[in-house]
Amino acid sequence: MDAGTSAVLAGAIAALAGLGGNYFVYRQTKRQMISEAQLQLREPRKRTYGDFLLASREAINDLANLRDEETQEADGAAIEHTIDEHRHALQRALAAVSLEGPEVVSNAANKTVSAFYDLHHQAFAWERGGGDSHDDGRPVGFGNHYTHEIREALDHYLKEARKALATSADR
């Protein structure tokens, strides 16, 4: 092989190595930019998701505090009233989550609020229907697990929110 061919081959190898190195640097830079963008999006989402979680838990705690110590039941009218008191905060937090996205988190938040409204509707129907009464004449209230569906929906929301907040930096 003569010197000219060797020089051309050496130049071609150097060019390929340079291109490979540039491609590697490009891929790393792209990954880093995506990761930084995800981290910048995470903080506002984290606040929004946290606000919804807080509004929901405050409502659940107030509903749980309605439970009578002796019977472990809650009055339907009190359930209605409590959910009505929290309706505005829940709607505001739900709207923020819906705007922030992604859709799976928004859907999970919607299901949580729907569970509150389902309980509200059940309490309303129970109260308007007259309900049952205990032997001593007191009305029968909602049993010990009346917030179960809300808690399940909120647990699902929390799982989806955590997934949405995860970035490649977390892995």
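In this chain, residues are counted from 1 in sequence order. What you see is a predicted model, and the numbers here were worked out from it, not measured in a lab.
- Considering all non-hydrogen atoms of both residues, A59 and T82 come closest at O-CG2, 4.5 Å.
- For the pair G101 and R45, the tightest heavy-atom approach, listed with the atom from each and the gap, is O-NE, 3.8 Å.
- L94 and L54 fall into different hydrophobic clusters, where Ile, Leu, Val, Met, Phe, Trp and Tyr are joined by side-chain heavy atoms under 4.5 Å apart, directly or via other members.
- For L165 against K46, the heavy-atom pair with the smallest separation is CD2-N, 3.7 Å.
- Taking every heavy atom of both residues into account, V97 and T48 meet most closely at N-CG2, 3.6 Å.
- The closest side-chain heavy-atom distance from Q91 to V113 is below 4.5 Å.
- In this structure, CD on E80 lies 11.5 Å from CD on Q122, to the nearest 0.5 angstrom.
- The two residues S56 and L154 have their closest heavy-atom pair at CB-CD1, 3.7 Å.
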Next item on the list: Please report the C-alpha distance between I150 and L63 in whole Å, then the side-chain angles of each, then the deciding distance to 0.1 Å, and finally whether the side chain to side chain contact (heavy atoms under 4.5 Å, CB included) criterion is met.
Entry: CA-CA 11 Å; I150 298 170; L63 286 168; 4.1 Å; yes
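- The shortest distance between side-chain heavy atoms of E149 and L119 does not fall below 4.5 Å.
- Between the CG atom in L53 and the CG atom in L158 there is a gap of 5.5 Å [rounded to 0.5 Å].
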Note to self: The test is side-chain hydrogen bond (donor to acceptor under 3.5 Å, both in side chains); show your working for E152 and H156 and say whether it passes.
What the structure shows: CA-CA 6 Å; E152 280 187 343; H156 177 68; over 6 Å; no
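- Once rounded to the nearest 0.5 Å, the distance linking CZ of R67 with OH of Y146 reads 4.5 Å.
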Notebook entry, point to check: When you look at F116 and R87, which way does the side chain to side chain contact (heavy atoms under 4.5 Å, CB included) test go after all the steps?
Noted result: CA-CA 9 Å; F116 277 105; R87 185 181 305 265; over 6 Å; no
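- To the nearest 0.5 Å, atom CG of residue D75 and atom CG of residue L66 are 8.5 Å apart.
- From R92, atom CZ reaches atom CZ of F52 across 14.5 Å, with rounding to the nearest 0.5 Å.
- Residue Y49 holds its OH atom at 13.5 Å from CZ of R162, rounded to the nearest 0.5 Å.
- With 3.5 Å as the limit, one finds a donor-acceptor pair spanning the side chains of S106 and S98.
- Contact between A55 and A89 at its shortest, heavy atoms only, is CB-O, 4.1 Å.
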